[in-house]
Amino acid sequence: AQSVTQLDSHVSVSEGTPVLLRCNYSSSYSPSLFWYVQHPNKGLQLLLKYTSAATLVKGINGFEAEFKKSETSFHLTKPSAHMSDAAEYFCVVSGGNQGGKLIFGQGTELSVKP
Amino acid sequence: ETGVTQSPTHLIKTRGQQVTLRCSSQSGHNTVSWYQQALGQGPQFIFQYYREEENGRGNFPPRFSGLQFPNYSSELNVNALELDDSALYLCASSDYNEQFFGPGTRLTVL
């Protein structure tokens, strides 16, 4: 069975400092992994996706994530946080082909202090 | 904006009632998935429809049912509502590469 574990339920950073949101995955085969962001009262937006190509994946708004098979991790990073980054972030693994079932982590709430 | 729309935005029902939620998929997408997001949780997969046929189901009871229409829009029906059904219901339409989510319907069961 596939699953993801987000290691922090809440992360707080100061504006301009780096962001690190941690995610570990479990999969019986080579997974497709995603990070989604959810702003209050808005739908989920795809930040980036890993699909067995380059292990360092660049996404929108300056976010990137690195797939590390040996550590079964897919941590999300950003060099410099902006106030607009405050939101809920979900690490997601695909349950089959990319159009299939998505399995979400519990979410990490990112707060950005001025 | 993803082009996926859902209606209604909010809904209040009482226990035992039935509810129908609607989703219009993005143009060109023939696959629609439904997810339930309880407060403070990640979304959970309910089921997926591909070309009007159910194409996978999560761990939800049969009182959760769905339809997909020839124009690929979709409905989620929930019978015999329970208090725990209170949640944000998200619809996603997809091409092969990505699922595009709508803004959701907030269902409150009293």
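Letters go in sequence order (proteins before strands), and every chain restarts at 1.
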Practice problem: Using non-hydrogen atoms and a 4.5 Å limit, figure out which bit of E88(A) sits close to chain B: side chain, backbone, both or neither. | Solution: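 Neither part.
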Quiz item: Highest number of heavy-atom pairs under 4.5 Å with chain A: which of A92(B), P43(B), G42(B)?
Solution: P43(B)
Quiz prompt | Proximity breakdown for Q44(B) and chain A, heavy-atom pairs closer than 4.5 Å | solution = neither
Practice problem: Go through the atoms of Y50(B) and report whether side chain, backbone, both or neither lie under 4.5 Å from a heavy atom of chain A. | Solution: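 Neither; nothing under 4.5 Å.
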Quiz item: Are Y25(A) and Y50(A) close enough that their ring centres sit under 6.0 Å apart?
Solution: no
Exercise. Run the numbers on C91(A) and L76(A) for side-chain contact (heavy atoms from CB on, under 4.5 Å), then give the verdict.
Key: CA-CA 9 Å; C91(A) 182; L76(A) 181 70; over 6 Å; no
Quiz item: Which word best sums up how the rings of Y36(A) and F34(A) line up, parallel for under 30°, tilted for 30 to 60°, or perpendicular for over 60°?
Solution: tilted
Quiz item: Looking just at side-chain N and O atoms, do T20(B) and E75(B) make a donor-acceptor pair shorter than 3.5 Å?
Solution: no
